[in-house]
Undergrad: 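Shown below is the structure under consideration.
Side-chain atoms are counted along with the backbone in the values below, which use heavy atoms only and exclude waters and symmetry mates.
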2 protein chains.
Amino acid sequence: MGVTTRSRPDVHTAAELIDESLDAGHVCSIVGRCTVAYDGRTQSTLPAGERLVVCKPDGTLLVHHAAGHKPVNWQPPGGTHDITLIDGELHLQSRRDAPDERVEIRFTDLRQVSAYALEEDHDRDVTGSEDDLRQRILEQPTLVEEGFQPRMTERETSAGPVDIYGVDANGTPVIVECKRRRVGPDAVGQLARYVAAAEREYTTKTVRGILIAPSITDRAERELTQHELKWVALDPIHSV
Amino acid sequence: MGVTTRSRPDVHTAAELIDESLDAGHVCSIVGRCTVAYDGRTQSTLPAGERLVVCKPDGTLLVHHAAGHKPVNWQPPGGTHDITLIDGELHLQSRRDAPDERVEIRFTDLRQVSAYALEEDHDRDVTGSEDDLRQRILEQPTLVEEGFQPRMTERETSAGPVDIYGVDANGTPVIVECKRRRVGPDAVGQLARYVAAAEREYTTKTVRGILIAPSITDRAERELTQHELKWVALDPIHSV
DNA sequence: CGTGCCAGGTGCCCT
DNA sequence: AGGGCACTTGGCACG
C-alpha cells in the first residue's frame, strides 16, 4: 500500500507520476482546477472549477466536486487514460470503445497528485437483496399464500424470465414477481407482461400473477386491480 | 483551494484533520486499510482491505477500491460524519435519516489523510437528453408522422404523466413516449399503461400510442405489435 | 415529503 | 456483443 504524493507539482512531475502509477496498477488522485468535456452517449461540458479526479488502472475515471454522491463526470472501466502536455497544461483524456466515448480534462492548476498502490479487494457480502426475498419464499411458500407450490425460478416467457413460477391450491399456474422495496406502476407493468405472455404460451386458460413487495404505491395498486393481480406484503430482511 | 495532507498520520492527527476539515466545508480523502459495514436498506460487510475513502461536507461518503466505477460502499448526501477513536483505531461513521442507514468504517492502518478546500461548482451542460428529443419533436412534429399535432406535454393520466399528447391527421388522440436510447420491453409497457389509462379517462373510443426511440429490441417490438402500438426511429442528437 | 421517471445510469448474468 | 433486469440505484421535479 505504497503512497506517493506531490504537492503543487509542475506538469512534468505530475504527468510522469500519473503515467507510471497507472502503468504499475496504482490508483491516482489529482486535485486541481480544470475543465471537463464529455463526448459519447451525450455531449457535455463543465466550466473551469476545482475538483478531485480519480483514475484507476482499469480505465475508471471519476471527477468529483465538493458535493454529491455521483461524479460530475466519469468514465466506466474498460477504457484507457492518456496524459499529454499541451501548451504547458496537463491534459487527461480517457477513451472507451463500445460505446465510443471520451472524457477530456484540462488542468489549469495542479494542487496535488497522489498515487496509491491498493491491493486487490474482496467482494462485498450483502443481505436483504431481491434474491434473498426469493430464497425466503422458496423455503416457505405459504408466505405467498396457502397452498402455493413453487415449480421453477427464472422460467422464460416471451416477455422475459419469471422470478418464481408455481401453482396455487387449485393447480392454477401462478407467476410471482419479487421486489425488495416499495413498488410503483413499473413493477405492475412488468408482472402484467409476464402474465399476458404466459397466458399466450403456457396453453393454460388462466395464469395468476402475484407481486411480492414490502409495500406498494396507490397508483400501482390501482394498476394491479385493473389487471386482476394480487399483492402480498413481504420484506426482504427476515424479521426475527 | 487549500490542500492539507498528512502521510502515515497517527490517529489523533487524522481525526483532528478530518473533523476540522469537514466542519470547514472541505472534502477529505483517507487512504488506508479498513473494514466497512453498512446497515440500512440492506446490510453488508466488507472485510479488511486497502481503500480510498472520500468524505464530503454534505454527508456524502465514498469507499473506492482499486477497480470499478461504483464505490464499493457509500452514503448519499444528507447525513453526518462522525469520527471516533476506539481502541486506538480510527472509526468513521456516516449516518443518515430517511431512510435510516449508516456506514461504519474502521481503519487499522492509515497511509494518508488529505483535506481539499474546493469551491462551489457550476452545473454540467448536457445535450442529447430525452428532453432534447422532446423539444425536437415539438419543433418538428412531422418527425413523428405526417399530420401529427402536439397539444400538451406532461399531460396527466392515472398511470402517470404523458411525454407528448397530441392528435393525428384524423383527429385521433396520440400519446407519444420519448426515449433517448434503444428501448426494451419496459418502455413498451410504460406506453401501453398510458394508452390504456387514456382510453379509460379521455372518453375517446381509441387512443393511439407512438414510441420514439433511436432503436428497439426484438422483444420490445413484439410487445409493441401485441399492443397495437407504433415505433418511430429518432435520435436525440440532431443529425446535421 | 412521497410518487413517478430519467440517467452518459452501472453491474450482473445469460444467450 | 446484446438483451433483460436488479440496484443501499441517484437525482429531479411536481403534487
Undergrad: Considering all heavy atoms of both residues, which atom of B:Ala192 and which atom of B:His227 are nearest to each other, and what is their separation?
TA: CB-ND1, 3.8 Å
Undergrad: Do A:Arg124 and B:Tyr38 meet the cation-pi criteria used here (NZ or CZ under 6.0 Å from the six-membered ring centre, within 45° of the axis)?
TA: no
Undergrad: Can you tell me the distance, in whole Å, between the CG atom of A:Asp186 and the P atom of C:dG4?
TA: 9 Å
Undergrad: Can you tell me if A:Tyr194 touches the phosphate of D:dG4, counting only side-chain N or O atoms and a distance under 4.0 Å to OP1 or OP2?
TA: no
Undergrad: So what does B:Pro161 touch, heavy atoms closer than 4.0 Å: a base, only the sugar-phosphate, or nothing?
TA: sugar-phosphate
Undergrad: Listing time: all N or O pairs from protein to nucleotides 13-15 of chain D that are below 3.5 Å?
TA:
none

Undergrad: My understanding is that only one of A:Asn73, A:Val54, A:Leu92 makes a side chain to side chain contact (heavy atoms under 4.5 Å, CB included) with A:Leu61; could you say which?
TA: A:Leu92
Undergrad: Please state how far atom CG in A:Leu133 lies from atom P in D:dT8, giving the value in whole angstrom units.
TA: 14 Å
Undergrad: Rounded to the Å, how far apart are A:Arg134 CZ and D:dC5 P?
TA: 12 Å
Undergrad: Nearest whole angstrom, please: distance from the P of D:dG2 to the CD of B:Glu221.
TA: 17 Å
Undergrad: Using the P atom in both, what is the distance from D:dG11 to C:dG11, to the nearest Å?
TA: 16 Å
Undergrad: Regarding B:Ser129 and B:Asp131, is there a side-chain donor-to-acceptor distance under 3.5 Å anywhere?
TA: no
Undergrad: In whole angstroms, how far is the P atom of C:dG4 from the CZ atom of A:Arg222?
TA: 8 Å
Undergrad: If you look at every strand shown and take non-hydrogen atoms under 4.0 Å, does B:Ala187 touch a base, only sugar-phosphate, or nothing?
TA: nothing
Undergrad: Just the rounded figure in Å: distance from P of D:dA6 to CD of A:Gln135.
TA: 16 Å
Undergrad: Rounded to whole angstrom, note down the C1' distance from D:dC7 over to C:dC6.
TA: 16 Å
Undergrad: From A:Ile164 CD1 over to A:Met152 CE, what is the distance, rounded to the nearest 0.5 angstrom?
TA: 12.5 Å
Undergrad: Nearest 0.5 Å, please: how far is CG in B:Leu211 from CG in B:Leu191?
TA: 6.0 Å
Undergrad: Can you give one letter per nucleotide of nucleotides 8-15 of chain C, going 5' to 3': B for a protein heavy atom under 4.0 Å from the base, S for sugar-phosphate only, - for none?
TA: BSSS----
Undergrad: Kindly determine whether B:Leu143 and B:Val232 satisfy side-chain contact (heavy atoms from CB on, under 4.5 Å), including the steps that lead there.
TA: CA-CA 8 Å; B:Leu143 287 173; B:Val232 173; over 6 Å; no
Undergrad: What's the CD-P distance between A:Glu130 and D:dC5, to the nearest Å?
TA: 11 Å
Undergrad: Quick one: does any side-chain atom of A:Asp121 pair with a main-chain N or O of B:His65 as donor and acceptor, under 3.5 Å?
TA: no
Undergrad: Looking at A:Gln190, does any N or O in its side chain come under 4.0 Å of the phosphate oxygens OP1/OP2 on D:dG4?
TA: no
Undergrad: Rounded to the nearest angstrom, tell me the gap between atom CZ in B:Arg182 and atom P in C:dA7.
TA: 18 Å
Undergrad: If you take all heavy atoms of B:Pro76 and A:His69, which pair is closest and at what distance?
TA: CA-CB, 4.1 Å
Undergrad: Whether the A:His91 and A:Gln93 side chains hold a donor-acceptor pair (N or O, under 3.5 Å, no angle test) is what I'd like checked.
TA: no
Undergrad: Taking OP1 and OP2 of C:dG2, is either one under 4.0 Å from a side-chain nitrogen or oxygen of A:Thr217?
TA: no
Undergrad: Both B:Val183 and B:Gly40 contact DNA chain D. Which one's nearest nucleotide lies toward the 5' end?
TA: B:Val183
Undergrad: Taking atom C1' in both C:dA7 and D:dA6, compute the distance separating them and give it to the nearest angstrom.
TA: 16 Å
